[in-house]
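Notes follow once the structure below has been shown.
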Amino acid sequence: MPGPSHILTNVSGQRSGHAPSSALASSPLLVRLRAGERMNMEYRNIAIIAHVDHGKTTLVDGLLKQTLKLGHGEEIAERAMDSNDLEKERGITILAKNTAVEYKGIKINIVDTPGHADFGGEVERVLGMVDGALVLVDAAEGPMPQTRFVLRKAIELGLKIVVVINKIDRQDARIEEVVNLTFDLMAELGASDDQLDFPILYAVAREGKAYKDLESPQEDMHELFEMVLEYIPSPPVKVDEPFQMVVTNLDYSEYLGRIVLGRIQRGTVKKGEFVQLIHKDGTMTKSRIVQPFTHMGLRRIEADSVSAGDIVALAGIEDAQIGETVADLADPEALPIITVDEPTVSMTFQPNTSPFAGKEGKYVTSRHLNDRLKREVMTNVSLKVEELRPDEFKVSGRGELHLSILLETMRREGYEVQVGSPQVIIREIDGEKHEPVEHLVIDVPEHHSSAVIGILSSRKGQMVNMEPQGKRTRVEFKIPSRALFGFRTHFLSMTQGEGIMSHIFDGYAPWAGELKTRQNGSLVSMEDGTAFAYSIWKLQDRGNFFIDAGADVYVGMIVGENAREQDMNVNVCKNKKLTNVRSSGADDALTLIPPKRMSLEDALEYISDDELVELTPQSIRLRKKVLNPSMRK
């Protein structure tokens with residue numbers, strides 16, 4: 001099984017035990033780290049949190065490049081922390097990851113976190129490891145829904161907060177107003193007086209600049225480092241007490257097996273030492289530390305011992321699960337178990353049962369699917385899996401994106417799976433049915449605002465704020481989560497690609513009633529075979545197609561979207577009858593409208609309750625649950 005690139009993994013993609021670069025190896029701090037001279041070591045542990053695309057990973061790039069100037073490190077690629085293939089392709093952070101830098105002899109552990117609301121479980125999990133947070137806010141957009149979520153978590157944990165106003169070079173930047181909005185948000189979320197007295201930095205992370213005073217801009221980030229040392233407290237270092245560490249995440253090495261990751265709360269542990277693993281049910285397992293690791297730059301460094309205050313990795317503890325405690329052998333004491341917010345959206349996962357099953361994938365049975373989901377739950381704490389039948393699983397997560405990233409990962413690993421439409425998780429509160437609602441923020445050109453507001457109102461949305469911003473309008477809604485299924489594509493079409501929307505879970509509210517989010521039926525194949533251009537050309541006026549001429553189809557496969565509300569069975573495998581009669585223009589080339597290409601997210605948004613998405617390593621197809629047209633009537 002390949003090792004997942006989760007938090008605290010070797011971000012450069014190299015496995016543990018590789019020698020650091022010569023510049024890094026010469027660092028006095030690193031020599032001390034490897035030798036285990038840690039009694040007087042000073043640390044700062046910080047997380048970088050913000051809404052999506054506000055510049056967290058780019059800021060980490062700047063901090064890493066800054067440390068190169070300070071005498072150690074390696075070549076830093078753009079968005080170096082986004083090491084996962086999906087992260088690089090989509091330009092987003094999915095998994096929280098750790099790096100470390102040295103400044104003035106002090107080791108600063110930095111955790112880069114995701115900005116999408118669907119990956120909020122990653123943020124919740126890692127905030128317990130740090131003592132402070134850099135909260136990035138876009139100088140033009142201001143605080144957004146995920147800013148509210150991560151700030152609330154940081155405030156609840158009592159973290160010291162430094163506000164960084166990023167992208168101050170934008171033409172539409174409104175720096176002073178954004179600072180005031182951030183203060184108002186923190187006050188609204190119940191921040192203490194100490195937290196509200198936050199320092200402010202102004203940054204252009206892309207250019208590696210951050211400074212305290214707008215009137216005296218700097219060319220580097222040394223003022224940010226100074227602010228971290230001055231304002232973020234060092235962790236309590238209780239080296240002489242019994243060892244204690246909560247497992248925050250898991251990694252895997254082909255050479256060392258399972259690796260547990262987390263921050264040491266107290267004590268010291270050495271290579272070869274025995275410890276107790278305290279399980280969630282209170283039982284204990286004796287384990288031996290095969291190899292402790294610490295971090296510097298983008299590398300994981302072998303150490304003889306590791307001590308309180310540092311964020312470390314320990315190899316040799318095979319049975320560990322996230323949230324369990326690794327403790328001293330003689331005096332084991334459990335730490336509180338990590339808890340995250342409950343999932344809000346679920347889908348059913350099944351092995352592929354279409355006529356094309358097994359043609360492209362490597363893992364095609366329900367046993368393969370069951371094993372893979374069990375493995376995922378071990379590291380993905382905000383995911384829940386329930387077995388409905390031996391060949392059907394209900395998988396619950398934070399949102400469509402959260403589940404679609406899992407599906408895309410499985411597809412690339414060689415799995416064939418079919419999934420149902422996303423469903424919100426309903427709760428009964430005081431005998432009444434409640435559903436999850438979202439706090440939705442849309443930013444649209446002024447001339448599109450009335451149309452967008454009308455659509456959202458028809459989907460049971462309630463407008464809570466509307467604010468003109470030059471030629472654009474920012475509107476905030478409270479809206480049922482299920483009303484947003486399939487809305488993004490429609491929204492982008494309505495605003496001609498100029499609209500920006502973001503949303504985050506905002507609690508549960510009474511059931512809003514029946515809701516119709518899809519207006520069109522499907523075009524469903526009624527024959528097995530190969531699609532002909534002639535058939536598609538004949539049917540083009542009936543709707544939009546999802547397939548090209550020459551594509552293989554089967555009975556019950558969805559080949560397009562009907563222009564009307566009902567489903568329509570169509571025969572795309574019918575070719576033109578050949579005769580010996582010829583007429584002028586009869587054999588002209590057929591002009592086909594290009595098909596609509598469905599991404600995985602598009603497919604999940606499109607399907608209705610009686611439809612499935614079929615995923616294989618090479619294909620994404622849509623199909624009816626019941627393939628036989630006579631049995632669907």
Side-chain angles (χ1 to χ4, degrees), residues 3-4 6-10 15-17 32-41 43 45 98 100 107 109 111 125-126 128-131 235-296 300-339 375 377-379 381:
H6 283 291
I7 175 175
L8 303 174
T9 53
N10 184 337
R15 280 291 166 203
S16 334
R32 291 170 62 199
L33 288 171
R34 300 188 76 177
E37 297 174 19
R38 317 172 65 80
M39 296 300 179
N40 299 316
M41 184 74 69
Y43 303 100
N45 297 321
N98 163 270
K107 183 183 178 187
N109 287 306
V111 182
R125 181 169 56 187
V126 300
M129 295 198 300
V130 298
D131 304 292
V237 180
K238 304 172 183 175
V239 178
D240 300 325
E241 296 187 19
F243 179 75
Q244 196 179 42
M245 181 187 101
V246 67
V247 178
T248 307
N249 214 330
L250 303 171
D251 193 10
Y252 181 83
S253 163
E254 295 172 6
Y255 310 105
L256 297 168
R258 182 170 295 182
I259 298 174
V260 302
L261 312 148
R263 169 176 149 182
I264 301 176
Q265 298 296 326
R266 67 187 194 197
T268 302
V269 69
K270 298 178 181 176
K271 182 177 178 178
E273 188 174 335
F274 284 93
V275 293
Q276 290 281 17
L277 173 65
I278 306 174
H279 299 288
K280 292 178 181 178
D281 61 2
T283 60
M284 290 186 277
T285 306
K286 184 179 176 182
S287 301
R288 178 175 172 270
I289 304 297
V290 174
Q291 179 64 62
F293 297 94
T294 185
H295 300 83
M296 184 56 66
R300 184 179 285 166
I301 310 297
E302 293 182 1
D304 295 328
S305 67
V306 285
S307 298
D310 200 2
I311 296 175
V312 303
L314 304 175
I317 305 173
E318 285 299 321
D319 300 324
Q321 301 291 332
I322 289 172
E324 297 180 343
T325 302
V326 183
D328 185 73
L329 185 67
D331 187 10
E333 185 181 339
L335 285 162
I337 293 170
I338 294 174
T339 57
R375 264 203 330 271
V377 171
M378 286 165 54
T379 55
V381 291

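Just so it is clear, the structure is predicted and the values come from calculations on it, not from any experiment. Along the sequence shown, the residues carry numbers beginning at 1.
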Run the side-chain contact (heavy atoms from CB on, under 4.5 Å) check on Ile259 and Arg300 step by step: do they pass? CA-CA 12 Å; Ile259 298 174; Arg300 184 179 285 166; 3.6 Å; yes
Quick one, Met245 with Asp310, criterion side-chain contact (heavy atoms from CB on, under 4.5 Å). Give me CA distance, side-chain angles, the key distance, then yes/no. CA-CA 10 Å; Met245 181 187 101; Asp310 200 2; over 6 Å; no
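Checking each of Lys286, Gln276, Gln244 against Pro332 for a side-chain contact (heavy atoms from CB on, under 4.5 Å) leaves exactly one that passes, namely Gln276. Across Val239, Val312, Ile311, a single residue satisfies side-chain contact (heavy atoms from CB on, under 4.5 Å) together with Ile264, and that is Val312.
Across every non-hydrogen atom of Ile278 and Ala327, the tightest pair is CD1-CB, 3.9 Å. For the pair Ala320 and Val247, the tightest heavy-atom approach, listed with the atom from each and the gap, is CB-CG2, 4.4 Å. Taking each heavy atom of Ala315 and Phe293 in turn, the nearest pair found is CB-CE1, 4.2 Å. A pairwise comparison of heavy atoms in Ala303 and Thr294 identifies CB-CG2, 4.4 Å as the closest pair. The minimum heavy-atom distance between Asn109 and Ala100, with the atom names listed, is OD1-CB, 3.5 Å. Val290 and Gly316 make their closest contact through CG2-CA, 3.6 Å (heavy atoms, listed as atom of the first residue, atom of the second, distance).
Separating the NZ atom in Lys238 from the OG1 atom in Thr268 is a distance of 13.5 Å, to the nearest 0.5 Å. Note that CZ of Phe274 is 8.5 Å distant from CG of Leu329, once rounded to the nearest 0.5 Å. The structure places CD1 of Ile317 at 6.5 Å from CG of Leu277, a figure rounded to the nearest 0.5 Å. Summarising the geometry, atom NE2 belonging to His295 is positioned 8.5 Å from atom CD1 belonging to Ile301; distances are rounded to the nearest 0.5 Å. Here the straight-line distance linking atom CD of Gln291 with atom CG of Leu256 works out to 7.0 Å at 0.5 Å rounding. How far OG of Ser307 is from NZ of Lys270: 9.0 Å, rounded to the nearest 0.5 Å.
The side chain to side chain donor-acceptor pair (under 3.5 Å) contacts involving residues 314-329 comprise His279-Glu324, where partners must be two or more places apart or lie in separate chains.
Put simply, the side chain of Asp131 reaches to within 4.5 Å of the side chain of Arg263, judged on heavy atoms. Residues Val269 and Val306 have side chains in contact (heavy-atom distance under 4.5 Å, counting atoms from C-beta outward).
Atom NZ of Lys280 has more than 12 heavy atoms from other residues, nucleotides or ligands within 6.0 Å.
Under a 3.5 Å cut-off, the side chain of Arg288 and the backbone N or O of Val275 do not form any donor-acceptor pair.
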